[in-house]
Amino acid sequence: MAGDLLIKMLKSRGGKDSDYADVVYGIVISIEPLKVQLSNNMVIDDNFIILGKHIGKFKLPGKATIEVQSHSDQIGNVSGNRPTVSEKITFKEMEFDNSLKKGDKVTMIRMDGGQQFYLFEREEV
């Protein structure tokens, strides 16, 4: 029932495939200015690209556990075995660098009409 309604709504809207949103893939060919070559060899620049919030440099709070495994060591004349030590730490802000690089493969959503592309994911080469 719901599928039939959805198909009916899509058919009533009409238009070509390029009028609808779609997932597209590309390769970064330039950083400054940002240019991405789509799989159909069309090149788009930063005038048509909206970057997702996790593309580029960004900061997030976080938590981690640091663990040092048991080991033997010697300081001066004193040697001994150290136990495994584990400590939880909290970061107020941790900076991540997910900046685009030339040659990166990217995934974007082409918005209705094909005039804007939302770049939300990158894959390092």
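What you see below is based on every heavy atom in this structure, not just the backbone, and it leaves out hydrogens, waters and symmetry mates.
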Taking the side chain from Asp46 and the backbone from Pro33, do they hold a donor-acceptor pair closer than 3.5 Å? no
Is the shortest heavy-atom distance from the side chain of Ile55 to the side chain of Leu100 under 4.5 Å? yes
I'd like a table of donor-acceptor pairs (distance under 3.5 Å, sequence neighbours excluded) in which one partner is a side-chain atom from residues 86-93, with atom names and distances.
none

Apply ring pair (Phe, Tyr, Trp, His ring centres under 6.0 Å) to the pair Phe48 and Phe117, showing each step before the final yes or no. CA-CA 6 Å; Phe48 300 96; Phe117 295 80; 7.4 Å; no
In terms of hydrophobic clusters joined by side-chain contacts under 4.5 Å, are Ile49 and Ile31 together? yes
Could you measure the distance from the CD atom of Glu121 to the CG atom of Asn98? Nearest 0.5 Å is fine. 9.5 Å
Salt bridge between Arg122 and Asp104, side-chain N to carboxylate O under 4.0 Å? yes
What one should report as the nearest heavy-atom pair of Tyr118 and Met111 is CB-CE, 3.7 Å
If we only count heavy atoms from C-beta on, is the Ile44 to Met108 side-chain gap below 4.5 Å? yes
Any chance you could lay out the side chain to side chain contact (heavy atoms under 4.5 Å, CB included) test for Asp22 and Ile109, step after step, and finish with the verdict? CA-CA 6 Å; Asp22 196 10; Ile109 297 174; over 6 Å; no
If we only count heavy atoms from C-beta on, is the Leu119 to Ile50 side-chain gap below 4.5 Å? no
Just wondering, do Val28 and Val106 contact through their side chains at under 4.5 Å, heavy atoms? yes
Using atom types as modelled and distance alone, determine if a side-chain donor or acceptor of Gln74 lies under 3.5 Å from a backbone N or O of Gly76. yes
Path from Phe58 to Met94 over hydrophobic side-chain contacts below 4.5 Å: yes
Here the gap from Ser30 atom OG to Lys102 atom NZ, rounded to the nearest 0.5 Å, amounts to 7.5 Å
